[in-house]
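Remarks on the structure that follows.
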Protein chains: 2
Amino acid sequence: MSEEMQWPTRAAKAAAKRAAREAAREAARALREEVRRAVPEPPWWSAPRRGGRQAPLTRDAIVDAAVRLLDRGEGLDSLSMRRLGEELGTGPGSLYWHVRNKEELLDLVFDRLIGEQLPLPAPKPARWQQQVKDIARRALDVLFERPYIAEISIGRFPVGPNALEWTEGVLAILRAGGVPDREAAWGVHLLTTYFTAFAFETQTGLKTPEGEARPEEILERIHAHFHALPRERFPNIADLADELTRGDMDERFEFGLDAILAGLAAAASAARAPRKRPRRG
Amino acid sequence: MSEEMQWPTRAAKAAAKRAAREAAREAARALREEVRRAVPEPPWWSAPRRGGRQAPLTRDAIVDAAVRLLDRGEGLDSLSMRRLGEELGTGPGSLYWHVRNKEELLDLVFDRLIGEQLPLPAPKPARWQQQVKDIARRALDVLFERPYIAEISIGRFPVGPNALEWTEGVLAILRAGGVPDREAAWGVHLLTTYFTAFAFETQTGLKTPEGEARPEEILERIHAHFHALPRERFPNIADLADELTRGDMDERFEFGLDAILAGLAAAASAARAPRKRPRRG
DNA sequence: ACCTGAACACCGTTCAAGT
DNA sequence: ACCTGAACACCGTTCAAGT
């Protein structure tokens, strides 16, 4: 059994980026705090209302704060209506004037992040496959950078304005490449499902009774378990223990992505070719 | 815009099956209750301890009750440690002697269902692709029948005994078909990820602020929204509104499944063919 | 060894009352 | 119109105490 662990690459980069962002935010906060201490406000100014909310409570401010909370914490659980209220200097009840419920808040957070993080190139028909690959890789980067997005995204039909813009763009690229309507529509969903589920399973994922372990550690333990399995009963798992629990995530992602693209490309060339099957109707 | 709604088929079948199961269980419960009423136990027997737990509290009994609870309710939220305690005639605390925490309980429930619901055929190398398709379709059926399974499965590396048996079987089929090791290992994950995510997105899925609507209704509303979009800005979404929100789920599932299989088949035939690329190492 | 009861530290949501 | 405070109906988990 070869012993190198080639897991992280992308994950490591994402973690570094996350750490950097957190550090920057921390620095800014410290600075603000120091200024406040050094240069006091005139005492006849009215003090900011309880808890230190400066800005008025608006839907945007709420979404801002929610993203802040999520970026700071780990996982979707870091965001609760109560903590969000606290972050904004109120109680949880106040939020319900601006937002119907938590589900709607998550819709808003999701759409905000799509808008900020997922710009789209204009369609270049000649290289549509490459463009789709780039889009998918970019999406995966974002999903690794903020693991909670996958948790929000999964099982949510993205219909916010930014999501629509993105969907529109991907559809444009696929159709420009000659993918027929039905397959283009299905393809967009297939793609989003794929990179979301992939990110979820490799990053956020790996729900486990042991709580806090990082995904790599969990996989390492599973790997050991696979090796300890009785070989007569589990010859294939024993043989493939390495491949099942390790492997470069980028290559692995590419494997599925290529399959999807091949499927779309096949549909495109079938549509171009003279039809052999009679049409119904 | 053609107006037939061809959505349900599989979903409808699954719902019917679910209803039938529930009815059967209800009948059994009623019968038991009637017998109990008609033929009283001798009064010198000690009464069953509080709440009516008959069987001793064991890990198996707990998993049984959890599945019962999930089958009866809607979605994963129907299962809470408190309700589970109630179902078994105790408090939630008692469960923690047998089960480390809720996450472990879900591991157990998941493995139980895999064992009960997912039998595997012996590999027949000649028709491995057909076998894989059958396996995937069977899995999708199960996932539609009990929507909560997808919620449990997603992000969980299946390592229970039954899951291992299943994985072992699928690996055997893929390798018998000539799929090389790496692609076989990745392929199993790709497949499970695919049908889990697919089921999650189409059944359980569609998290939405409006709470209780059935998936079909939600999709219908989204469809209307897409049609109402400004056509100059969203020409593609407007064109494809039908294909984006409707369509036969089986065909759609097949589309992705075929892509995955084509990818695996390509890897298999590449392995058989004389190698053109030099090997590293 | 196994179970109980009560407590702890949380949730999302509602709603009368305030401004 | 917007926000507050308190309450409601829940969570998962822990742990001393009991048998």
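Lettering of chains follows the sequences in order, A, B, ..., and the numbering in each one begins at 1. Reckoned from all heavy atoms, side chains included, excluding hydrogens, waters and symmetry mates.
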Figure out the CZ/P separation between Arg82(A) and dA7(D), and round it to whole Å. 13 Å

Below 4.0 angstrom from OP1 or OP2 of dC11(D), is there any side-chain N or O of Arg83(B)? yes

Residue met sooner reading DNA chain D from 5', once Pro92(A) and Thr58(A) are mapped to nucleotides: Thr58(A)

Whole-Å distance between dC11(D) P and Asp77(B) CG? 9 Å

Listed by chain and number, what are the salt bridge (charged side-chain N to carboxylate O under 4.0 Å, His left out) partners of Arg100(A), not counting sequence neighbours? Glu104(A), Glu210(B)

Taking 4.0 angstrom as the limit, do Arg72(B) and Glu87(B) come out as a salt bridge? yes

Atom CZ of Arg59(A) and atom P of dC2(D) are separated, to the nearest Å, by 13 Å

Sub-4.5 Å side-chain heavy-atom contact between His225(B) and Leu164(A): yes

With sequence neighbours left out, write down each residue that passes salt bridge (charged side-chain N to carboxylate O under 4.0 Å, His left out) with Asp64(B), or none if nothing qualifies. Arg112(B)

Are OP1 or OP2 of dA1(C) and a side-chain N or O of His98(B) less than 4.0 angstrom apart? no

The dot-bracket string of DNA chain C, counting Watson-Crick and G-U wobble pairs with both distances under 3.5 Å, using [ ] for crossing pairs and | for pairs to another strand, is ||.|||||...|||||.||

Go through the structure and list residues passing salt bridge (charged side-chain N to carboxylate O under 4.0 Å, His left out) with Glu168(A), not counting sequence neighbours. none

Which residues satisfy the side chain to side chain donor-acceptor pair (under 3.5 Å) test with Glu116(A), sequence neighbours excluded? none

May I have the list of side-chain donor-acceptor pairs in residues 189-196 of chain B shorter than 3.5 Å, sequence neighbours left out?
from	atom 1	to	atom 2	distance (Å)
His189(B)	ND1	Arg252(A)	NH2	2.6
Thr192(B)	OG1	Val188(B)	O	3.2
Thr192(B)	OG1	His189(B)	O	3.0
Thr193(B)	OG1	His189(B)	O	2.6
Tyr194(B)	OH	Phe253(B)	O	2.8
Tyr194(B)	OH	Gly256(B)	N	3.4
Thr196(B)	OG1	Thr192(B)	O	2.6

Nearest whole angstrom, please: distance from the P of dC2(C) to the CG of Leu88(B). 16 Å

Measuring only the P atom in each nucleotide, how far is dA9(C) from dC10(D)? A whole number of Å is fine. 22 Å

Quick check on dC10(D): is either OP1 or OP2 less than 4.0 Å from any side-chain nitrogen or oxygen of Ser80(B)? no

Over how many whole Å does the gap from Glu104(A) atom CD to dT13(C) atom C1' extend? 14 Å

Rounded to whole angstroms, how far apart are CG on Leu84(A) and P on dG12(C)? 9 Å

Rounded to whole angstroms, how far apart are CZ on Arg100(A) and C1' on dG12(C)? 15 Å

dC3(C) phosphate, OP1 or OP2, under 4.0 Å from Trp97(B) side-chain N/O: no

Could I get the full list of salt bridge (charged side-chain N to carboxylate O under 4.0 Å, His left out) partners for Arg233(B), not counting sequence neighbours? Glu165(A)

With 3.5 Å as the limit, what N/O pairs link the protein to nucleotides 15-18 of chain C?
none

Starting from P on dT13(C), measure out to CG on Asn101(A) and report it in whole angstrom. 5 Å

Hits for side-chain contact (heavy atoms from CB on, under 4.5 Å) against Glu103(A), two or more places apart or cross-chain, chain-then-number order -> Asn101(A), Leu106(A), Arg156(A), Lys207(B)

